[in-house]
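Working notes, structure below.
Along the sequence shown, the residues carry numbers beginning at 1.
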Amino acid sequence: MFVRKLLIWYKKAARSLPWRETRNPYAILVSEFMLQQTQVSRVLEYYPRFMARFPTIAALARARPKAVMEQWDGLGYYARARNLHALARVVTKTHDGTLSDNPEELQELPGVGRYTAGAVACFAYEKAVPAVDTNVKRVLSRAFEPDDVWELAEKVTPRDGKRAWRFNQALMELGALVCTARKPRCEICPVNGDCKLFKRLARPASRSRNRPTARPR
């Protein structure tokens with residue numbers, strides 16, 4: 001039920017984002033590097049310019065470090081740009097310019113952690129693998145209160161690749177728009193009926209409403 005409700009909501013609520021309109025592994029990789037610790041609105045300013053300047057992984061690999069940093073200037077966390085540039089050179093030199101679809105192999109590249117590897121494998125190649133970023137971790141932690149979020153994500157991610165793509169995107173979207181860190185909008189959450197935290201928080205209020213009113217004497 002959780003997966004089905006979430007996918008129905010995502011179909012109606014999903015934002016149109018350029019990296020969701022492509023399955024190009026390089027384009028998705030760039031977006032994932034930019035989105036680390038940076039708001040979507042900010043990335044939307046930089047992403048088109050960066051992709052226009054370096055449209056392929058080979059173009060990025062050929063670029064001078066100064067040129068890469070100039071395109072990244074203002075986005076912050078500059079180690080991301082350096083790692084992305086280094087990654088492009090490694091992939092071009094040793095992998096024929098092709099990003100792997102295997103999360104474990106992707107994690108061997110500069111700047112690629114478990115989440116980014118899963119995101120590239122799922123969003124570019126439609127592999128049925130989890131992609132647990134901060135938003136996803138928050139949603140799954142609140143809804144299911146698991147001991148291990150990644151282990152849970154492995155279990156709930158659909159086995160069909162296209163469905164897994166939508167599911168992972170939907171989890172991120174829910175965390176970004178509804179199940180936010182500071183002021184979650186639990187009352188409009190499409191999966192609040194399956195959320196352990198919501199049920200626990202709502203229980204005292206329910207008891208209070210159902211308590212008999214004292215009659216005047």
**Request:** For residues F33 and V112, determine if any side-chain heavy atom of one lies less than 4.5 Å from a side-chain heavy atom of the other.
**Result:** yes
**Asked** If you count the non-hydrogen atoms of other residues, nucleotides and ligands that lie under 6.0 Å from CD in E104, is the total more than 12?
**Response** no
**Asked** Do F144 and F2 have side-chain heavy atoms sitting under 4.5 Å apart?
**Response** yes
**Asked** Looking at L75 and R42, what are the two nearest heavy atoms and their distance?
**Response** CD1-CG, 3.9 Å
**Prompt:** With K196, which residues qualify under side chain to side chain contact (heavy atoms under 4.5 Å, CB included), at least two apart?
**Reply:** E145
**Prompt:** Heavy-atom distance under 4.5 Å between the side chains of P190 and L174, does that happen here?
**Reply:** yes
**Prompt:** Any luck finding a side-chain donor-acceptor pair between Q169 and R20 under 3.5 Å?
**Reply:** yes
**Request:** Check whether L152 and L6 end up in the same hydrophobic cluster, where Ile, Leu, Val, Met, Phe, Trp and Tyr are linked by side-chain heavy atoms less than 4.5 Å apart.
**Result:** yes
**Request:** Examine distances only and state if a side-chain atom of T38 and a backbone atom of Q36 form a donor-acceptor pair shorter than 3.5 Å.
**Result:** yes
**Asked** Is any side-chain heavy atom of D96 closer than 4.5 Å to a side-chain heavy atom of V91?
**Response** no
**Message:** Within the 3.5 Å criterion, strictly below it, is a donor on Q71 or Y46 matched to an acceptor on the partner's side chain?
**Reply:** no
**Prompt:** Quick one: does E173's side chain have a donor or acceptor within less than 3.5 Å of a partner on R15's backbone?
**Reply:** yes
**Message:** Determine whether F198 and R142 satisfy the following criterion, side chain to side chain contact (heavy atoms under 4.5 Å, CB included), listing intermediate values before the conclusion.
**Reply:** CA-CA 8 Å; F198 177 76; R142 286 173 173 172; over 6 Å; no
**Message:** Please determine whether residues L201 and I188 belong to a single hydrophobic cluster, defined as Ile, Leu, Val, Met, Phe, Trp and Tyr linked transitively by side-chain heavy-atom distances below 4.5 Å.
**Reply:** no
**Asked** Under the salt bridge (charged side-chain N to carboxylate O under 4.0 Å, His left out) test, which residues partner K12, sequence neighbours left out?
**Response** none
**Prompt:** Hey, what do you get for SG (C122) to CG (D101), rounding to the nearest 0.5 Å?
**Reply:** 12.0 Å
**Message:** side chain to side chain contact (heavy atoms under 4.5 Å, CB included) for Y77 and R80? Distances and angles first, verdict last.
**Reply:** CA-CA 6 Å; Y77 298 99; R80 295 179 296 173; 3.3 Å; yes
**Prompt:** Taking all non-hydrogen atoms of both residues, which atom of Q107 and which atom of G113 are closest, and how far apart?
**Reply:** CG-O, 3.7 Å
**Request:** Please check if atom CD in E21 has more than 12 non-hydrogen atoms from other residues, nucleotides or ligands closer than 6.0 Å.
**Result:** yes
**Item:** Heavy-atom donor-acceptor pair, R163 side chain to P158 backbone, under 3.5 Å
**Value:** no
**Asked** Are V30 and Y78 linked, directly or through other ILVMFWY residues, by side chains that come within less than 4.5 angstrom of each other?
**Response** yes
**Complete:** Rounded to the nearest 0.5 angstrom, the OG-NE2 distance for S100 and H95 is 7.0 Å
**Message:** Using modelled atom types and a 3.5 Å cut-off, is there a donor and acceptor pairing between side-chain atoms of H85 and backbone atoms of V68?
**Reply:** no
**Asked** So, does N192 use its side chain to make a donor-acceptor pair with the main chain of C189 at under 3.5 Å?
**Response** yes
**Fill in**
Rounding to 0.5 Å, atoms CG (L197) and SG (C186) come to a distance of 6.5 Å
**OH on Y115 to CG on L35, rounded to 0.5 Å** = 7.0 Å
**Prompt:** Linking I/L/V/M/F/W/Y whenever any side-chain heavy atoms sit under 4.5 Å apart, do V120 and W19 land together?
**Reply:** yes
**Request:** Establish whether M172 and V43 are linked, either directly or via other cluster members, by ILVMFWY side-chain heavy-atom contacts under 4.5 Å.
**Result:** no
**Prompt:** Do you know the tightest heavy-atom contact between W9 and A170?
**Reply:** CZ3-O, 3.8 Å
**Message:** Both conditions, 6.0 Å and 45 degrees, for the charged tip of R49 above the ring of W72: are they met here?
**Reply:** no
**Asked** Nearest heavy-atom pair of A61 and A88: which atoms, and what distance?
**Response** CB-O, 3.6 Å
**Which atom of P18 lies closest to which atom of L44, heavy atoms considered** = CD-CD2, 3.6 Å
**D73 side-chain N/O to M69 backbone N/O, donor-acceptor pair under 3.5 Å** = no
**Item:** Side chains of T92 and L60 in contact at under 4.5 Å (non-hydrogen atoms)
**Value:** no
**Complete:** Contacts satisfying side chain to side chain donor-acceptor pair (under 3.5 Å) that involve residues 146-162 (not counting sequence neighbours) are E126-K162
**Asked** Under 4.5 Å between any side-chain heavy atoms of L17 and Y47, yes or no?
**Response** no
**Prompt:** Counting only N and O atoms by type, is there a donor-acceptor contact under 3.5 Å from the side chain of T180 to the main-chain atoms of A176?
**Reply:** no
**Prompt:** Can you name the closest pair of heavy atoms from M51 and Y26 and give their distance?
**Reply:** CE-CE2, 3.7 Å
**Prompt:** Would you call R23 and Y125 a side-chain contact if the rule is heavy atoms closer than 4.5 Å?
**Reply:** no
**Item:** More than 12 heavy atoms from other groups under 6.0 Å of NZ on K5
**Value:** yes
**Asked** How many angstroms lie between OG1 in T116 and CZ in F123, if you round to the nearest 0.5 Å?
**Response** 10.5 Å
**Request:** Classify the side-chain pair R138/N135 by whether it contains a donor and acceptor separated by less than 3.5 Å.
**Result:** yes
**Message:** Between L87 and L99, is there a side-chain heavy-atom distance shorter than 4.5 Å?
**Reply:** yes
**Asked** Out of curiosity, L106 CG to L29 CG, how far, rounded to the nearest 0.5 Å?
**Response** 8.0 Å
